[in-house]
Amino acid sequence: MADKVVILGDGPFREPLATFLASQRVACISPEQADGRDVLAVIDVQTGCDGGKRDWLVGAECVVSERTPIFTSVLHRTATEIASWLAHPERVVGFSPVQFADMPVVEVCRPLQAEEDASWTDHLQVLAGWGKEVEEVGDEPGLVFPRTLALLVNEAAFALAEKIADKEDIDLAMRKGTNWPYGPLEWADRIGIDQIVAILTGLERELGEERYRPAPLLRKMVYAGYLGRVSGRGFYCYDEQSVRKGAEG
């Protein structure tokens with residue numbers, strides 16, 4: 001019998017995760033399909049800028065065993081805050097859904113409520129069973145890779161708005177200078193402009209530091225619906241197959 005995982009949330013991270021889980025012969029189900037103890041894990045990919053994330057998690061907790069781990073995206077909120085919404089906060093594992101299928105390492109964090117729970121690390125075996133290396137980091141919005149990338153995108157957006165260079169030159173300079181596969185603006189389009197803004201506003205909200213303030217250009221792009229590949233337009237324009245027009249995607 002295939003393992004069952006309840007997936008919560010929508011947005012750009014849901015489909016890649018579901019495809020990855022299918023490759024691991026894991027059945028993705030909704031909370032309505034959950035059958036108590038028969039669920040391996042709950043995975044929440046909702047970024048969490050509104051109240052929907054809390055409602056989904058509270059509802060899912062009611063239909064699974066109290067021992068079932070709940071993996072939740074911490075791009076915008078800390079695992080400790082999210083765990084405070086639940087009756088069994090010690091089973092919450094914060095994680096990054098960014099590039100989950102493609103990256104061999106998954107960043108996770110432990111909520112304060114599980115700090116003295118020796119069994120918390122047992123939940124990480126779920127990820128190890130899917131061939132993932134697990135790296136435990138501090139409990140802050142965005143963790144490490146998404147946080148660092150969001151700050152690079154933010155600075156690149158300021159540079160673009162200030163006409164220091166055009167978008168192609170910014171991305172070229174960063175690709176050549178860092179040996180990354182994509183420049184920061186290309187990365188932003190792949191992940192989603194709204195997700196970048198969510199990480200930045202989460203850090204600004206949690207830490208209260210000016211350096212996390214999103215560039216006005218990023219906010220305007222979200223208002224306009226220019227979210228990147230998922231919407232067909234971000235810093236670049238894309239066709240229906242999410243291929244950049246006039247260049248390889």
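No experiment lies behind these values; they were computed from the predicted model shown.
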Separation of [Y] [atom2] from [X] [atom1] (nearest 0.5 Å):
{"X": "His123", "Y": "Arg67", "atom1": "NE2", "atom2": "CZ", "value": "11.0 Å"}
{"X": "Thr78", "Y": "Leu112", "atom1": "OG1", "atom2": "CG", "value": "9.5 Å"}
{"X": "Glu155", "Y": "Leu160", "atom1": "CD", "atom2": "CG", "value": "12.0 Å"}
{"X": "Leu127", "Y": "Glu135", "atom1": "CG", "atom2": "CD", "value": "13.0 Å"}
{"X": "Arg190", "Y": "Leu149", "atom1": "CZ", "atom2": "CG", "value": "12.0 Å"}
{"X": "His76", "Y": "Glu204", "atom1": "NE2", "atom2": "CD", "value": "10.0 Å"}

If you take all heavy atoms of [X] and [Y], which pair is closest and at what distance?
{"X": "Ser231", "Y": "Gly225", "value": "OG-O, 3.2 Å"}
{"X": "Ala157", "Y": "Ala215", "value": "CB-CB, 3.9 Å"}
{"X": "Gly138", "Y": "Leu143", "value": "O-CD2, 3.6 Å"}
{"X": "Asp189", "Y": "Gly234", "value": "OD1-CA, 3.4 Å"}
{"X": "Gln113", "Y": "Ser84", "value": "NE2-N, 3.4 Å"}
{"X": "Phe145", "Y": "Trp187", "value": "CZ-CH2, 4.2 Å"}

Side chains of [X] and [Y], donor plus acceptor under 3.5 Å:
{"X": "Arg229", "Y": "Tyr238", "value": "no"}
{"X": "Asp171", "Y": "Tyr236", "value": "yes"}
{"X": "Gln195", "Y": "Thr47", "value": "yes"}

Single-linkage hydrophobic cluster, 4.5 Å side-chain cutoff, [X] and [Y] together:
{"X": "Ile43", "Y": "Val105", "answer": "no"}
{"X": "Tyr182", "Y": "Val230", "answer": "yes"}
{"X": "Phe158", "Y": "Tyr226", "answer": "no"}
{"X": "Ile164", "Y": "Leu152", "answer": "no"}
{"X": "Val58", "Y": "Ile70", "answer": "yes"}

Has the side chain of [X] got a donor or acceptor atom that lies under 3.5 Å from a matching backbone atom of [Y]?
{"X": "Asn154", "Y": "Tyr212", "answer": "no"}
{"X": "Trp120", "Y": "Val92", "answer": "yes"}
{"X": "His88", "Y": "Glu66", "answer": "no"}
{"X": "Thr148", "Y": "Val144", "answer": "yes"}

[Y] side chain reached by [X] side chain, heavy atoms, under 4.5 Å:
{"X": "Thr72", "Y": "Val93", "result": "no"}
{"X": "Val74", "Y": "Ser96", "result": "no"}
{"X": "Leu151", "Y": "Leu200", "result": "yes"}
{"X": "Leu227", "Y": "Met221", "result": "no"}
{"X": "Val108", "Y": "Val137", "result": "no"}
{"X": "Leu207", "Y": "Glu140", "result": "yes"}
{"X": "Asp139", "Y": "Arg110", "result": "no"}
{"X": "Pro184", "Y": "Ile170", "result": "yes"}

(request) Could you give me the CA-CA distance, side-chain angles and deciding distance for Leu57 and Ile82, then say whether side chain to side chain contact (heavy atoms under 4.5 Å, CB included) is met? (result) CA-CA 9 Å; Leu57 284 167; Ile82 295 167; 3.5 Å; yes

(message) Under the rule for salt bridge (charged side-chain N to carboxylate O under 4.0 Å, His left out), what residues qualify as partners of Glu133, not counting sequence neighbours?
(response)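 Glu133: no salt bridge (charged side-chain N to carboxylate O under 4.0 Å, His left out) contacts found.
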
(request) Start with the C-alpha gap between Asp169 and Asp166, add the side-chain angles, then the distance that decides, and say whether side chain to side chain contact (heavy atoms under 4.5 Å, CB included) holds. (result) CA-CA 5 Å; Asp169 287 342; Asp166 62 28; 3.2 Å; yes

(request) Determine, for Asp44 against Lys53, whether the closest basic-nitrogen to carboxylate-oxygen distance falls under 4.0 angstrom. (result)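 Salt bridge flag = yes for Lys53 with Asp44.
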
(request) Identify whether the distance between the nearest side-chain nitrogen and carboxylate oxygen of Arg91 and Glu61 falls below 4.0 Å. (result)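 Judged by the 4.0 Å cut-off on N to carboxylate O distance, Arg91 and Glu61 do form a salt bridge.
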
Just distance, no hydrogens or angles: give the donor-acceptor pairs under 3.5 Å from side chains in residues 6-29, sequence neighbours left out.
from, atom 1, to, atom 2, distance (Å)
Arg14, NH1, Gly9, O, 2.7
Thr19, OG1, Glu15, O, 3.0
Ser23, OG, Phe20, O, 2.5

(request) Report the C-alpha separation of Glu206 and Thr201 in whole Å, then their side-chain angles, then the decisive distance to 0.1 Å, and conclude whether the side chain to side chain contact (heavy atoms under 4.5 Å, CB included) test is met. (result) CA-CA 8 Å; Glu206 186 69 23; Thr201 55; over 6 Å; no

(message) Is it true that, when you exclude Asn179 itself, more than 12 heavy atoms of the residues, nucleotides or ligands shown sit nearer than 6.0 Å to its CG?
(response)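 Counting other residues, nucleotides and ligands, CG of Asn179 stays at 12 neighbours or fewer.
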
(request) Evaluate whether atom CD of Glu116 has more than 12 neighbouring non-hydrogen atoms of other residues, nucleotides or ligands under 6.0 angstrom away. (result)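 At most 12 heavy atoms, drawn from other residues, nucleotides or ligands, come within 6.0 Å of this atom.
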
(request) Please step through side chain to side chain contact (heavy atoms under 4.5 Å, CB included) for the pair Leu218 and Phe235, ending with a clear verdict. (result) CA-CA 10 Å; Leu218 293 177; Phe235 288 104; 3.7 Å; yes

(request) Any pair with a residue in residues 71-86 that passes salt bridge (charged side-chain N to carboxylate O under 4.0 Å, His left out), sequence neighbours left out, goes on the list, sorted by first then second residue, please. (result)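 Of all non-adjacent pairs touching residues 71-86, those that pass salt bridge (charged side-chain N to carboxylate O under 4.0 Å, His left out) are Arg77-Glu81, Glu81-Arg205.
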
(request) Taking the six-membered ring of Phe100 (Phe, Tyr or Trp), confirm whether the NZ or CZ of Lys132 is under 6.0 Å from its centre and within 45° of its axis. (result)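 Yes; both conditions hold, so Lys132 lies above the ring face of Phe100.
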
(request) Assess whether salt bridge (charged side-chain N to carboxylate O under 4.0 Å, His left out) is satisfied between Glu186 and Arg175, documenting all intermediate values. (result) CA-CA 10 Å; Glu186 293 170 311; Arg175 285 200 309 272; 2.9 Å; yes

